[in-house]
Amino acid sequence: STPKPSSAASDVYKRQVVTDVAETSEADFEWDGTKITKYKANGADVVIPGRCTEIGDRAFPSKTELKTVVIPDGVKKIGECAFADCRLLKSIVIPDSVKEIGKGAFSITSLKSVKIPEGVTTIEDGLFSACYALTSVTIPDSVTTIGDEAFYYCALLEDAVIPEGVTTIGKRAFYCAGLSDITIPQSVTQIKDEAFSGCSNLSNIKVDNGNTVYAVSYTHLTLPTKA
């Protein structure tokens, strides 16, 4: 039998197991050159073939059986609503080659933790909307805009650091998220309506001392009232 890894190597081992899974057959997809336009099968675990460079809009439409996805290095773009309404999708590996992720791409899924690759500049509107299981997201330093309703109703999202470089936080971006505290960096110049509304656990909003917009106009960051 295969020996189990030590606890110190467990994370590496788990990642290796995931990436060693055989690619899903190319015949299970519809293609436009190297772009996947549709996933035709109903598998629970998908390893996207290495020839893929783009995942098209709504390529995995409401695939309720889908639980895990591994995207290969070389994919540059994930289209709008690509995995939307894949309600059992709990794990996705996004390579550093991805530089663009479309609106609502992961909305209404069961993702628990996501690392957005460095190079992505916009967290598009509704990207993680209604991801009720999402507890942690890593936002890279390359991001300048967090779109409208990007984390709408992510009720368990407690860990989200807005990096220096973000200039805009969209309307209802973190509406009803599980945040308990948040820091607004110096770079932020626009926080749209209801960005943090409904965050019933949010008790502390810090503003970087160098922020000349919100350090002065602190009333723009209205904390929710508790019952």
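Contact check on E124 versus K103 returns no salt bridge, with no Lys/Arg side-chain nitrogen under 4.0 Å from an Asp/Glu carboxylate oxygen.
E23 places a side-chain heavy atom less than 4.5 Å from the side chain of V47. Considering only heavy atoms from C-beta on, T37 stays 4.5 Å or farther from F29 through its side chain. A heavy-atom distance below 4.5 Å is not found between the side chains of V161 and T183. For the pair K38 and D28, the minimum side-chain heavy-atom distance is 4.5 Å or more. Looking at I169 and I184, their side chains come closer than 4.5 Å, going by heavy atoms from C-beta outward. Looking only at side-chain heavy atoms (C-beta outward), W31 and P49 come within less than 4.5 Å of each other. Inter-residue side-chain proximity for I48 and I55 is flagged as met; some heavy-atom pair is nearer than 4.5 Å. Inter-residue side-chain proximity for L89 and V69 is flagged as met; some heavy-atom pair is nearer than 4.5 Å.
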Step by step, work out the salt bridge (Lys or Arg N to Asp or Glu O under 4.0 Å) result for E26 and R51.
CA-CA 9 Å; E26 291 187 6; R51 66 175 278 203; 3.1 Å; yes
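A chain of hydrophobic side-chain contacts below 4.5 Å, direct or via other Ile, Leu, Val, Met, Phe, Trp or Tyr residues, connects F151 to I92. Clustering ILVMFWY residues whenever any of their side-chain heavy atoms sit less than 4.5 angstrom apart, transitively, puts V46 in the very cluster that holds I71. No chain of hydrophobic side-chain contacts below 4.5 Å, direct or via other Ile, Leu, Val, Met, Phe, Trp or Tyr residues, connects L202 to Y153. One hydrophobic cluster, built from ILVMFWY side chains closer than 4.5 Å, holds both V207 and V188.
In the displayed structure, F60 atom CZ is contacted under 6.0 Å by more than 12 heavy atoms of other residues, nucleotides or ligands. The neighbour count for K99 NZ, taken as heavy atoms of other residues, nucleotides or ligands under 6.0 Å away, is above 12. For N209, the CG atom sits in a loose shell: 12 or fewer heavy atoms of surrounding residues, nucleotides or ligands are nearer than 6.0 Å.
Note that the CG atom of L179 and the CD1 atom of I205 stand 9.5 Å from one another [nearest 0.5 Å]. I191 CD1 to F174 CZ: the interatomic distance, rounded to the nearest 0.5 Å, is 10.0 Å. We find the CG-CD distance between D45 and E65 to be 12.0 Å, quoted to the nearest 0.5 Å. Between atom CG of residue L66 and atom NZ of residue K90 there is a gap of 11.0 Å, rounded to the nearest 0.5 Å. E158 CD to C199 SG: the interatomic distance, rounded to the nearest 0.5 Å, is 11.5 Å. Taking CG from D193 and CG from D148, the interatomic distance works out to 9.5 Å, rounded to the nearest 0.5 Å.
Under the 3.5 Å distance criterion, with hydrogens and angles disregarded, no donor-acceptor pair is assigned to the side chains of S91 and T68.
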Donor-acceptor pairs under 3.5 angstrom involving side-chain atoms of residues 128-144: please list them, not counting sequence neighbours.
{"unit_1": "T135", "atom_1": "OG1", "unit_2": "K112", "atom_2": "O", "d": "3.1"}
{"unit_1": "S136", "atom_1": "OG", "unit_2": "D159", "atom_2": "OD2", "d": "3.4"}
{"unit_1": "S142", "atom_1": "OG", "unit_2": "G119", "atom_2": "N", "d": "2.8"}
{"unit_1": "S142", "atom_1": "OG", "unit_2": "V120", "atom_2": "N", "d": "3.4"}
{"unit_1": "S142", "atom_1": "OG", "unit_2": "V120", "atom_2": "O", "d": "2.7"}
{"unit_1": "T144", "atom_1": "OG1", "unit_2": "T121", "atom_2": "O", "d": "3.4"}

Please tabulate, for the side chains in residues 73-86, all donor-acceptor contacts under 3.5 angstrom to protein atoms that are two or more places apart in sequence or on a different chain.
{"unit_1": "D73", "atom_1": "OD1", "unit_2": "S97", "atom_2": "OG", "d": "3.4"}
{"unit_1": "D85", "atom_1": "OD1", "unit_2": "R87", "atom_2": "NE", "d": "2.5"}
{"unit_1": "D85", "atom_1": "OD1", "unit_2": "R87", "atom_2": "NH2", "d": "3.1"}
{"unit_1": "D85", "atom_1": "OD2", "unit_2": "S62", "atom_2": "OG", "d": "3.0"}

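One N or O on the side chain of N211 and one on the backbone of Y214 form a donor-acceptor pair closer than 3.5 Å. E194 contributes no side-chain N or O that, together with a main-chain N or O of Y175, makes up a donor-acceptor pair within less than 3.5 Å.
Nearest approach of G147 to A173, heavy atoms of both residues: O-CB, 3.7 Å.
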